[in-house]
Asks: 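The structure's right below; bear with me while I get my questions together.
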Amino acid sequence: MFYSRWVSLVGLLVCMGLLGFAAYLQVHLGLLPCPLCVLQRILIALLGFVFLVGCLYTPNERFGKRMHSGFIVFFSLLGVFAATRHVWLTFQPPGSVPICSPTLEYMLQNLPLNQTIALLFKGSGDCAKVTYRLLDLNIPEWTLIFFIVVLFFGVIRFAIAKSETGL
């Protein structure tokens, strides 16, 4: 069954692995995250939480299945938007990238939340720097692939939940 706890466990483990790898890059290689990286990490953590809920509680009714799938689709869609913006910034010529923004901590302490979120999605010069590659793809490209796969997974789960209920 596509709604088994094992499927959610795999999703949770993948999210934990990605966050662990990001922590490794930050601590051991000294790669500090840019604002868009932080936003993508938050979205991966939120997806991990949704998968954790799926591990602990497998919804049996149509509303629960659709709600769980809806959260997967929602957070992964936000991730696709953020990662797409990040990938786009990495392909811009050096002079056309927005200037570097203040740190996330500074923005959260001194700016309203809506302005902080807008600045996070906008990105900055920090977000355009490519400092690490794995199999010839940079971190934002790998993150975009992850969010697209999870979005596809969430849409399929939603469609299955919808067809199981006959709606």
Side-chain angles (χ1 to χ4, degrees), residues 1-61 63-90 103-105 107-108 113 116-117 119-124 126-127 129-162 164:
M1 178 174 212
F2 208 51
Y3 266 92
S4 73
R5 292 178 184 201
W6 291 105
V7 174
S8 291
L9 178 63
V10 169
L12 173 63
L13 292 175
V14 169
C15 290
M16 289 173 56
L18 288 173
L19 293 174
F21 184 67
Y24 169 80
L25 291 176
Q26 183 172 344
V27 172
H28 294 289
L29 298 183
L31 300 177
L32 296 177
C34 70
L36 277 173
C37 291
V38 171
L39 178 64
Q40 291 169 65
R41 288 180 187 186
I42 290 169
L43 291 170
I44 291 170
L46 288 170
L47 279 169
F49 178 75
V50 171
F51 285 123
L52 175 65
V53 169
C55 288
L56 300 175
Y57 168 72
T58 303
N60 292 325
E61 69 284 344
F63 178 76
K65 288 179 180 180
R66 291 172 72 188
M67 185 72 132
H68 189 257
S69 300
F71 279 119
I72 292 171
V73 169
F74 177 72
F75 290 130
S76 59
L77 194 57
L78 287 177
V80 166
F81 289 138
T84 300
R85 174 71 176 169
H86 200 169
V87 169
W88 179 80
L89 283 171
T90 63
T103 65
L104 178 62
E105 181 181 357
M107 289 190 285
L108 287 172
L113 184 60
T116 299
I117 292 171
L119 285 173
L120 284 176
F121 272 105
K122 183 179 178 187
S124 69
D126 294 339
C127 298
K129 295 177 191 170
V130 176
T131 54
Y132 185 81
R133 289 191 172 275
L134 178 66
L135 301 175
D136 205 31
L137 293 175
N138 61 36
I139 296 169
E141 292 168 332
W142 280 111
T143 308
L144 178 60
I145 291 169
F146 164 75
F147 281 122
I148 289 172
V149 168
V150 174
L151 176 65
F152 181 70
F153 169 76
V155 168
I156 288 174
R157 280 184 88 159
F158 190 85
I160 289 173
K162 190 173 181 180
E164 284 178 354

Asks: Between atom CD1 of I156 and atom CG of L151, what is the distance when rounded to the nearest 0.5 Å?
Replies: 10.0 Å
Asks: Do the side chains of I72 and F51 get nearer than 4.5 Å, heavy atoms only?
Replies: yes
Asks: Within the structure provided, determine whether F147 and L47 are in side-chain contact (heavy-atom separation under 4.5 Å).
Replies: yes
Asks: Decide yes or no for L135 and W142: does some side-chain heavy atom of the first lie under 4.5 Å from some side-chain heavy atom of the second?
Replies: yes
Asks: Test: side-chain hydrogen bond (donor to acceptor under 3.5 Å, both in side chains). Region: residues 41-50. Which pairs qualify, not counting sequence neighbours?
Replies: Q26-R41
Asks: Here's a test for you: under side-chain contact (heavy atoms from CB on, under 4.5 Å), which of L46, V50, I44 qualifies with C15?
Replies: I44
Asks: So, taking the atom named OG1 in T143 and the one named CD in E141, what distance separates them when rounded to the nearest 0.5 Å?
Replies: 9.5 Å
Asks: For the residue pair S69 and G154, what are the closest heavy atoms and their distance?
Replies: CB-O, 3.9 Å
Asks: Please report the closest heavy-atom contact between T84 and L144, naming both atoms and the distance.
Replies: OG1-CD1, 3.4 Å
Asks: Measure the shortest side-chain to side-chain distance between V53 and F49 over non-hydrogen atoms and say whether it is less than 4.5 angstrom.
Replies: yes
Asks: Passes side chain to side chain contact (heavy atoms under 4.5 Å, CB included), F146 versus V14? Steps please.
Replies: CA-CA 9 Å; F146 164 75; V14 169; 3.7 Å; yes
